[in-house]
Amino acid sequence: EFEKALFERRLVHGGNPILRWAVGNLVFMEDASGNRRPHKAKSIDRIDPAVAAIMSTGRAAANASASTSYVNEKWADGLVFA
């Protein structure tokens with residue numbers, strides 16, 4: 001989901017220079033099943049902020065339609081996933 005949002009220019013990060021730098025450092029590897037993931041050893045420099053963004057995007061996408069006890073009608077309008 002992160003990669004798809006990145007290429008479709010739907011990833012909103014407010015011009016964060018650290019996230020931009022970390023994403024620029026990413027090198028991906030692909031396993032036999034076609035799954036892609038960041039490869040820390042082959043990446044140019046630190047990628048931790050990008051990995052955190054990837055993980056949170058995946059978690060948000062997995063629960064995009066699920067209801068949770070932390071979200072109620074009062075807060076629902078203020079939550080945004082772009």
Side-chain angles (χ1 to χ4, degrees):
E1 287 299 318
F2 180 86
E3 197 171 20
K4 183 178 175 184
L6 179 70
F7 289 131
E8 292 176 357
R9 297 188 178 268
R10 292 184 298 116
L11 186 63
V12 179
H13 60 79
N16 185 299
I18 294 174
L19 184 57
R20 182 182 301 257
W21 167 75
V23 169
N25 294 332
L26 285 172
V27 173
F28 286 94
M29 67 177 295
E30 190 170 320
D31 63 17
S33 300
N35 300 312
R36 293 172 44 88
R37 66 178 182 91
H39 193 287
K40 192 167 190 164
K42 291 187 178 181
S43 294
I44 300 165
D45 206 342
R46 293 195 167 264
I47 62 170
D48 302 319
V51 171
I54 291 167
M55 292 172 61
S56 61
T57 301
R59 186 73 179 144
N63 291 320
S65 62
S67 179
T68 175
S69 60
Y70 296 108
V71 177
N72 60 35
E73 290 77 25
K74 180 180 173 186
W75 288 35
D77 291 337
L79 299 176
V80 177
F81 176 70

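The figures that follow rest on heavy atoms only: side chains count, while hydrogens, waters and symmetry mates do not. We count residues from 1, following the sequence as given.
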Nearest non-hydrogen partners of [X] and [Y], listed with the distance:
X	Y	answer
Arg46	Asn25	O-ND2, 2.9 Å
Ala50	Ala22	N-CB, 3.7 Å
Leu19	Pro49	CD1-O, 3.7 Å
Asp48	Lys40	OD1-NZ, 2.9 Å
Glu1	Ala61	CG-CB, 3.5 Å
Pro38	Phe28	N-CD2, 3.7 Å

How long is the span from the [atom1] atom in [X] to the [atom2] atom in [Y], to the nearest 0.5 Å?
X	Y	atom1	atom2	result
Lys42	Ile47	NZ	CD1	13.0 Å
Ile44	Leu26	CD1	CG	9.0 Å
Phe7	Arg9	CZ	CZ	10.5 Å
Ile18	Arg20	CD1	CZ	12.5 Å

Q. Is the closest side-chain heavy-atom distance between Arg37 and Glu30 below 4.5 Å?
A. no
(Q) Heavy-atom count check: over 12 atoms from other residues, nucleotides or ligands less than 6.0 Å from Arg36 CZ? (A)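 Count over threshold, so yes.
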Q.
Are there over 12 heavy-atom neighbours, none belonging to Met29, within less than 6.0 Å of that residue's CE?
A.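 Result for CE/Met29: enclosed.
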Q) What's the verdict on side chain to side chain contact (heavy atoms under 4.5 Å, CB included) for Asn16 and Trp21, showing C-alpha distance, side-chain angles and the deciding distance? A) CA-CA 9 Å; Asn16 185 299; Trp21 167 75; over 6 Å; no
Q | Hydrophobic cluster identity match, Leu6 and Val51, side-chain contacts under 4.5 Å | A |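 Yes: a chain of side-chain contacts under 4.5 Å links Leu6 to Val51.
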